[in-house]
Amino acid sequence: MLFAQIMVNGLLLGGLYGLMALGMALVWGVLNIVNLAHGAVVMLGGYCVYFLFTGAGIDPFAALPIAMVVMFALGYLLQRYVLNLIIRSAQLNTLLITFGLDVVLTYLAQLAFSADFRAINPSYAGANLTWMGVTIPLVRLGAFVTALILAGLLWALLQRTRLGRAIRATAQNLVAARLYGVNPAQLYAVTFGLGAALAGAAGGLYGMVSQVTPYVGAALTAKSFVITIMGGLENPFGILLGGVFIGIAEALAAIYIGPTFTDAISFGLLLLILVARPARSLRGA
Amino acid sequence: MSAGAQPMLEARGLTRRFHGLYAVNDVSFTLQPGEILGLIGPNGAGKTTLINLISGTLFADQGELIFEDRRIERLHPYQRAHIGIGRTFQVMKPFPRLSVLENVTVGALFGFGGGERNRDKAREQARALLEFTGLDRRMDQNADQLGGPDRKRLELAKALAMRPKLLLLDEVMAGLNHVEVDEVVTIIKKIRDSGVTILVIEHVMRAIRSLSDRIIVLHHGEKIAEGLPDTVLADARVVEAYLGKRRA
Amino acid sequence: MGRLLAATLAALVMSLPVMGHAQTKTVTLGAALQITGPDGNLGRYFRDGYQIAVDRINEQGGLTIGGQNYRIALKILDSQTDLNLSVQQYGQLVTRDKVDFLLGPYNSNFTLNDSVIAEKYKVPMVSGGAAAAQIYSRGYKYIFGTSPPADNYFGSTLEMMTKLDPQPKKIALLVADDAFDVSVRAGVRALSAKDGFELVVDQVFKEHNADFGSLLSLTKSKSPDVILMGGHETESLNFIRQAKSLDVNPHHMMALTVGVPSADFRSALGKDAEYAFGMTPWMASPVIRDRWFGDAQKFAELFHRKLGYEADYHVASAVADVETFAYALEAAGSLDRDAVRDAIAKSDFESLYATIRYGETGQIDIPQIVIQVQDGKVVPVYTDHFLNKPRYPVPTWAKR
Amino acid sequence: MVRAILLILAVVFLAAAPFFGDAVMIQYGIDALLFATLAQAWNILGGFTGYASFGNSAFYGLGTYGTAIAMAQLHLPFWVGLSLGAFLAVLCAVVIGLPILRLRGHYFAIATLGLSATLAAIISNLDISGRNIGLILPLTRNDVGFYEEALALLVASTLTVMWIAKSRFGMGLIAIREDEDAAQVMGINTTFYKVVALMLSAFFTAIAGGIHAYWITFIDPASAFDLSLNVRMVIMAMFGGPGTVLGPVVGSFILSAVYDALARSISTAAALLFGMVIVLAVIFMPRGLWDLGHGLRQVGWRYFLQNIRLHRL
């Protein structure tokens, strides 16, 4: 019974992890930017939902789309007017600039919202249902389903729409993208915006199961890294699967190895996977 | 090609697949000391892959490579460079933010036998080679500021600086005008006369005909013809596979 | 540059009144606090606590040291929760800003590092926010602390548990792996062996852990009577919310080392904070007398009026730190650091925080008052006897 | 020649500085010198081969813990601790360097990041390293001594880089940075070269960590394996000029001073401004001060616009 419960915990948590990594994987795969400010955007999404909930009384799940729009706008502007300026610069420079952005966003959040922690706490936050002796927290279930829906939407967008095809073509090479008649600067900004929107949704959900402070970003960025590497850059559902894998691995490790080993496990797995993969398949990316 | 002569390089049944498709399939040939062997074939025939297999940039899935009595198919690229195999790249790989002189100095510092240990001496050797290839005017420019023809020359000078016994040339004349092609042909002949064995991939037929002692033809990864230039270029299969395709 | 200028001007203006009284001298206390950065929400308690104490003492005529009238000045720097910067800033306070004495930063880790500066330069430091045993067990002579020892945090809670009906037997103990909480754990293990409690769960989790799913499920499967949890506020908050969503109910009660006394924490939890047991070494009670503020309750009211939020034990502890210097300076009769250091070691006075007496190692030892959230308010329940009736046993999440 | 004399004068000046400056200057100096060493050590691999390591904080942590374990747990002298730390770091560089130096670009960066996080997590679970609580080293009141040690280490690492920049070995590293495939076929044993560069980098980083540990007297996993420390090494090296001899040193001195001044005068917004400085620096001078110097001399202020034109989409 404990085992089943642990598996369910890991699965549900993993869905949220996966959603968190989805935006990072999209931006990484298409724009070849490893966005160190990703966690900061997740954090801002959390604040967004928090204020919509406490300030305007909007249900947190209903507030998710609004937060996504706001984060899309932020992501669009960041890419269009900052990141696009250095996109052809050395690869390390994209890491550095997104690190700088992470610092800026974090400290702006600290100035605007203070270091107090904010939990998004709707009346049903602690509700759960029991099924065959396993307790399923409703909010986490909701988060998991949301992750599935958003991954599905992203998949459909990439596969079924003209915009999506242009984005995928960009991932292959920039020249191909021009054939779709899309302005690459615009396309880059839209892609980054989509990534930010997904991060924003993840942030809202994260605030419901945990809490938001200006400083949660770095840990979430690190987690997203691990999952992105696990899931690969190709398929949104692969990313979700990566998240679930890490979620379950951590949940099991906490019980059967020791709760202080969760980080050792997830980062150890990251290292192992990178080292074990055939070198050629990782080259140049 | 007398049976008694010791070949510089011998390939036996070289095979390399990508995602299940054969890029090079069961190719065998020999290369005699002091010879210039032309390697031709249509785009995608596996020419560059073959050079990659010889230089070690890629490992063969099957087959043997014998260089001067020595099995080399499992050697790393740098080890092959140390025993005297040098190459150029079709997609040129200069060190973009180094000067032309430094680019060539790298070749002299490493290459055959591990190269020259002293950086000053290596630089002197490089300077001499730049004069030989006609690049001495551009010595202090960064490699990424060179135009196409000069880049080709640089590619050649870098490979020569390694003092190779066997030189693999991958389309060093593509994009050059007539005058420039003739210059390069002269240079290559001079290189051969200095005792270097050469394998050359080329699309410029005029050049390949005048350069090569022998020619082999690849098509879909397989060797379809081998022999003297005039004979091979008249071969019906070659005309169909290669020339025919070019005209289409 | 403009800001720098403004800051300089402000400093000049502030120092004007002092210059006005030719006979009044100044003694300066310095601290590098976590005003911004991840610890910013607790760092500000210390900033505000130090400031209100200094202001109050000055308003009431300052101090008389060796027959000379003194005012206290306070120099506070923001370490931005950057450990390296914090050490540097303490060095700067001592050697460049020439402060006379040091007040501590928040949290054990920073104090461990910063007290090295105090020891190096032989400047007494009184710290209000560091309980870990390690700080005081190094044999350092210049560090004093007004946080009670971590290993006794659950002491009064366990004592209370022996007197409750129904009597709890099985304890689930979950603590973070930082210095403070590991000391807490050692204390609970020793005490529960003595009092005959059984530790059915005894787990250490990673500091800053955000997900307690596995640990809570494990706890649930062992059906303990009591859950004792030790971690930072963020961890405690996650722990309670996730306990609810996973329907984890100890049979009788749940108690936490930190969080319950802080308004920020309770408001983030809302109704879910109800029934939680916690602890504080301090309550805003009118029976605790103080030379400058009258009593603890009056202090709390003044603090709320001035700062707009509720004082908790961090603030009271910070005030006690300043008062320690006030008393010690008057006792020493000079600003000589070694004389003041010896006077601090001999401290024995009533403050709004507690009776201040430093032990052998320099750390104060005062009991924790067990508190419980009842109808949204913090109610003191137990010290060495019951103060108020605890709501016990605690109902399950479903029955609330 | 003039340059050599100037450099020697600069070192003599720095060595004499603590006898004239006050205690804060010395303290600030120790930090700045150690940071410069870290930037210089990062430069050996990152600047010359272009492999951006985020695992130097792992070497720093190993140096820190080697020293601390030797001194606090085994009661051995400082120099034994330093050697132990350096040995552990260099060993780690060899063992882990072989597999991860095959990875390129972002994948290498992330693998090294994973290395650092994994080591931190392991250290925080070991008894000998004091678990997550950390270790306390004996207190020494000798900041001038620490200052001179830090300076000596910086000089040693800079001399090493100077040698690299002039040697055949360094030429090999640079060739790897410029085009690794080409470097290989030209006869450079790229794996060997990269591993040696990583080992050198690990060595100096670990020693810096050990000195810092003894100076600060308290270490724990969070401070020993601090990722932001690694990011600072990268920023300082990049700001000064990666792959140059003095760029990382000058860059880190300038950034340390800027950060210090910001933190002192406008405390609260310092980190925010520092973040903005990074963003602006990447946009307007992506190749560091050295290149900026050349660029300004050649094209003046248009250098900044030229960078944008060169690197924008």
Side-chain angles (χ1 to χ4, degrees), chain A residues 28 32-34 36 82-108 110-111 174 184-185 188 218 222 225-226 228-229 258 260-280 282-285, chain D residues 46 50-52 54 96 98-100 102-125 131-132 180-181 227-228 231 234-235 238-239 242 268-284 286-287 307-308 310-313:
Chain A
W28 186 346
N32 200 21
I33 294 174
V34 173
L36 293 179
V82 182
L83 294 175
N84 270 351
L85 296 182
I86 57 114
I87 204 82
R88 288 191 296 145
S89 175
Q91 212 171 30
L92 182 57
N93 279 334
T94 62
L95 279 179
L96 286 182
I97 199 167
T98 56
F99 175 81
L101 287 175
D102 177 71
V103 173
V104 170
L105 293 178
T106 300
Y107 280 86
L108 282 180
Q110 141 102 46
L111 286 181
L174 202 55
Y188 269 46
F225 268 155
V226 177
T228 305
I229 296 289
T260 51
F261 282 91
T262 48
D263 280 3
I265 294 299
S266 50
F267 287 109
L269 277 173
L270 166 79
L271 204 54
L272 210 66
I273 287 200
L274 280 174
V275 167
R277 268 200 210 181
R280 299 273 169 181
L282 297 173
R283 281 227 168 143
Chain D
Y51 276 76
F54 286 84
I96 201 74
L98 282 174
I100 63 175
R102 297 178 312 142
L103 305 170
R104 294 190 185 178
H106 289 323
Y107 288 98
F108 175 78
I110 285 174
T112 51
L113 199 139
L115 168 71
S116 173
T118 309
L119 275 179
I122 292 172
I123 290 278
S124 71
N125 278 298
R131 296 188 172 270
N132 194 40
E180 188 162 349
D181 289 329
L227 174 67
S228 67
V231 175
V234 182
I235 290 170
M238 295 292 290
F239 182 79
T268 305
L272 182 63
L273 284 176
F274 198 65
M276 287 180 180
V277 168
I278 297 171
V279 172
L280 293 177
V282 171
I283 294 176
F284 291 107
R287 291 201 204 142
N307 271 321
I308 292 184
L310 212 60
H311 298 122
R312 77 171 168 212
L313 190 60

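Proteins get letters first, then strands, A, B, ... in listed order; numbering begins at 1 in each.
Within the 4.5 angstrom heavy-atom criterion, atoms from both the backbone and the side chain of A/Ile97 approach chain D. Heavy-atom distances place no part of D/Ala281 under 4.5 Å from chain A, backbone and side chain included. Using a 4.5 Å cut-off between heavy atoms, D/Met276 contacts chain A through both its backbone and its side chain. Only the side chain of A/Thr94 comes within contact range of chain D, with heavy atoms under 4.5 Å apart. The contact between D/Phe54 and chain A is made entirely by side chain atoms (from C-beta outward), counting heavy-atom distances below 4.5 Å. A/Leu85 touches chain D through backbone and side chain together, each having a heavy atom under 4.5 Å away. Proximity to chain D (any heavy atom under 4.5 Å) is restricted, for A/Leu95, to the side chain, taken from C-beta onward. For A/Leu270, the part lying under 4.5 angstrom from a heavy atom of chain D is the side chain only. Using a 4.5 Å cut-off between heavy atoms, D/Leu119 makes no contact with chain A at all. In this structure, chain A has a heavy atom under 4.5 Å from the backbone of D/Leu310, while its side chain stays farther away.
Counting heavy-atom pairs closer than 4.5 Å to chain D, the top-ranked of the candidates A/Asp263, A/Leu271, A/Thr98 is A/Leu271. Per-residue counts of heavy-atom pairs under 4.5 Å with chain A were compared for D/Val231, D/Leu115, D/Ile122; the largest is that of D/Val231. Comparing D/Asn132, D/Ile278, D/Ile110, D/Thr112 by heavy-atom pairs within less than 4.5 Å of chain A, the highest count is held by D/Ile110. Of all the listed residues (A/Val103, A/Asn84, A/Ile229), the one sharing the greatest number of non-hydrogen pairs under 4.5 Å with chain D is A/Asn84.
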CA sep, side-chain torsions, deciding dist, call: A/Thr228, A/Val34, side-chain contact (heavy atoms from CB on, under 4.5 Å): CA-CA 10 Å; A/Thr228 305; A/Val34 173; over 6 Å; no

Stepwise side-chain contact (heavy atoms from CB on, under 4.5 Å) check, D/Arg131 with D/Asn125: CA-CA 5 Å; D/Arg131 296 188 172 270; D/Asn125 278 298; 4.2 Å; yes

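The two residues A/Leu92 and D/Ala52 make their nearest non-hydrogen contact at CD1-CB, 3.5 Å. Summarising the geometry of A/Ile87 relative to D/Arg312, their closest heavy-atom pair is CG2-C, 4.0 Å, with the distance given to 0.1 Å. Considering all non-hydrogen atoms of both residues, D/Pro286 and A/Ser89 come closest at CB-OG, 3.8 Å. Contact record, A/Val275 with D/Arg102: O-NH2, 2.7 Å, taken as the closest heavy-atom pair. Nearest heavy atoms, A/Phe225 versus A/Leu36: CZ-CD2, 3.5 Å.
The aromatic rings of A/Trp28 and D/His106 lie perpendicular to each other, with more than 60° between the two planes, well past the 30° mark.
Within the 4.5 Å cutoff, the side chain of D/Ile283 has no heavy atoms near those of the D/Asn307 side chain.
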